[in-house]
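In what follows, a single structure is set out as structure tokens and then discussed.
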Amino acid sequence: MAREMIDAKNVLHPGKTYRMEADKFRKACAGLLSVLPRTAPGMTQSEMLAGLRTAVSDADFPGSTHGWWGKAAQLHLEAEGQIMRETGKPVRWRLAE
């Protein structure tokens, strides 16, 4: 049985899309949106991925696979304008206004 695929965007490569397994990708996006704060300073990448680890199922994302899916979700959600990158160092993300 063929898996449903989705085209994911990447804020670093405007206009280019990447084929992803839709179910896992949607779960990673939903998990990321559930852990990111609305206000500054936001979360660093390590904080964001640690939060995602608690928000997603180990069965869906065994081992460290949540990190790869989380990064893909972050790049897509940022390209969609649902999350935003804060200026400064370290780089942080939060939900868009």
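This structure is a prediction, so every number in the text was calculated from the model and none was measured. Residue numbers run from 1 in the order of the sequence given.
- Within the 4.5 Å cutoff, the side chain of K71 has no heavy atoms near those of the M48 side chain.
- Following chains of ILVMFWY side-chain contacts shorter than 4.5 Å, one can reach M20 starting from L49, so the two form part of one hydrophobic cluster.
- At a threshold of 4.0 Å, the pair R94-E97 counts as salt-bridged, since one of the basic side-chain nitrogens sits closer than that to a carboxylate oxygen.
- Side chains of L33 and Q82 form a contact here, defined as non-hydrogen atoms less than 4.5 Å apart.
- Taking the six-membered ring where tryptophan is involved, the planes of F25 and W69 are tilted, since the angle between them lies from 30° to 60°.
- Counting heavy atoms from C-beta outward, M43 and R92 have side chains that stay 4.5 Å or more apart.
- The shortest distance between side-chain heavy atoms of I83 and Q74 falls below 4.5 Å.
- Rounding to the nearest 0.5 Å places CD of E78 at 10.5 Å from CG of L32.
- In this structure, the side chains of R85 and V11 come closer than 4.5 Å at one or more pairs of heavy atoms.
- Between W93 and E86, the closest side-chain pair of non-hydrogen atoms is not below 4.5 Å.
- By the 4.0 Å N-to-carboxylate-O rule, K24 lies too far from E4 to be salt-bridged with it.
- Taking 4.5 Å as the limit, every side-chain heavy atom of Y18 sits out of range of all side-chain heavy atoms of K9.
- For the pair A96 and G81, the tightest heavy-atom approach, listed with the atom from each and the gap, is CB-O, 3.1 Å.
- Under the 4.5 Å side-chain heavy-atom criterion for ILVMFWY residues, no single connected hydrophobic cluster contains both L75 and M5.
- Sorted by first then second residue, the side-chain hydrogen bond (donor to acceptor under 3.5 Å, both in side chains) pairs that include residues 52-61, not counting sequence neighbours, are K27-D60, R53-D58, R53-H66.
- Minimum heavy-atom separation, A55 to V35: CB-CG1, 3.9 Å.
- Annotation: side chain of D7 is in contact with side chain of R19 (closest heavy-atom distance under 4.5 Å).
- With rounding to the nearest 0.5 angstrom, the CE atom of M84 is 14.0 Å from the CG atom of L77.
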